[in-house]
S.K.: 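Next up is a structure, given as structure tokens.
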Amino acid sequence: MVVEGLVIVASILFAFGIDAGWDAREERGRRAVLMEDLQAELVRNAGDLSVALAEQELRALRIGILLNELTPQAKGLSADSVRALQASLAGVVSYDPSLGVLDLLIQSGDLALLEDRELRARLAGLASVSEDYLRNQVFLVQSYLNPEAILGTGSILFDYSDVISFDGTLTTASSSVQLNATKFYAFDRFMTELMVTQGKALLAEFEDLIGLMEPG
């Protein structure tokens, strides 16, 4: 009876050991899949953000050229060149970071599965960094499409609806339209350069996190 009892106990412990080992194996597999998905998401964001940053930097450069044409120090670009510049600045270059996997990890609590404390902390803070970057982009897009939303006084906030509706060559427009165009594009360049600065910081964070997730 004693032997039979020991056999039964050993069998139960063995079964528990198998279950625990299986659970640990499943958790390791799940963690590996989560890490792969998260790393792929960060790599994709870093690539897309790099493209957006290059376009935003080019936009800021073109704005500077157009602003120069609206000053007494103008280089005297042809009307066709000015119109081409104006056309290239229609709309706003923006980028919305896609962090679906990270959001899922945070909401489900699975972020705690990551053993690296620094990685966990920085991933948890990534959402706020990307939201701040996106918030400024949304502001720029809204202000560009809806000038009444940011009516004000001074050199930045003003009613530039006459610039938005103007379809001619700015260098031949009336002095009032040129003045508003100068303010409008100065504001545009300021916000674009702000997005570039924040975008570079966000890109550096993506790249650092990718580095932390590399094996070894």
S.K.: Taking side-chain contact (heavy atoms from CB on, under 4.5 Å) as the definition, give me every residue that meets it alongside Leu194, ordered by chain and number, with sequence neighbours left out.
M.R.: Asn136, Met191, Gln198
S.K.: Sequence neighbours left out, what passes side-chain hydrogen bond (donor to acceptor under 3.5 Å, both in side chains) with Ser98? Give chain and number order.
M.R.: none
S.K.: Sequence neighbours left out, what passes side-chain contact (heavy atoms from CB on, under 4.5 Å) with Ser174? Give chain and number order.
M.R.: Ser176, Val177
S.K.: Which residue pairs pass the salt bridge (charged side-chain N to carboxylate O under 4.0 Å, His left out) test with at least one member in residues 88-103, sequence neighbours excluded?
M.R.: none
S.K.: Among all residues two or more places apart in sequence or in another chain, which pass the side-chain hydrogen bond (donor to acceptor under 3.5 Å, both in side chains) test with Ser175?
M.R.: none
S.K.: Could you give the distance from CG (Leu209) to CG (Leu102), rounded to the nearest 0.5 Å?
M.R.: 9.0 Å
S.K.: Tell me every residue that passes side-chain hydrogen bond (donor to acceptor under 3.5 Å, both in side chains) with Glu57, counting only those two or more places apart in sequence or in another chain.
M.R.: Lys200
S.K.: Could you list the residues that satisfy side-chain contact (heavy atoms from CB on, under 4.5 Å) with Asp208, not counting sequence neighbours?
M.R.: Arg122
S.K.: If you take all heavy atoms of Asn45 and Pro97, which pair is closest and at what distance?
M.R.: OD1-CA, 3.4 Å
S.K.: For a quick test of your reading: what N or O donor-acceptor pairs under 3.5 Å do the side chains of residues 61-70 make, sequence neighbours left out?
M.R.:
{"from": "Glu69", "atom 1": "OE1", "to": "Gly76", "atom 2": "N", "distance (Å)": "3.3"}
{"from": "Glu69", "atom 1": "OE1", "to": "Leu77", "atom 2": "N", "distance (Å)": "3.0"}
{"from": "Glu69", "atom 1": "OE2", "to": "Lys75", "atom 2": "N", "distance (Å)": "3.2"}

S.K.: For Glu207, give me all partners under side-chain contact (heavy atoms from CB on, under 4.5 Å), at least two apart in sequence or on another chain.
M.R.: Leu203
S.K.: For Thr169, what residues pass the side-chain hydrogen bond (donor to acceptor under 3.5 Å, both in side chains) criterion, not counting sequence neighbours?
M.R.: Arg83
S.K.: Supply the atom-to-atom distance Leu126 CG to Leu42 CG, rounded to the nearest 0.5 angstrom.
M.R.: 6.5 Å
S.K.: Only one of Arg59, Glu55, Gln56 passes side-chain contact (heavy atoms from CB on, under 4.5 Å) with Val196; say which it is.
M.R.: Gln56
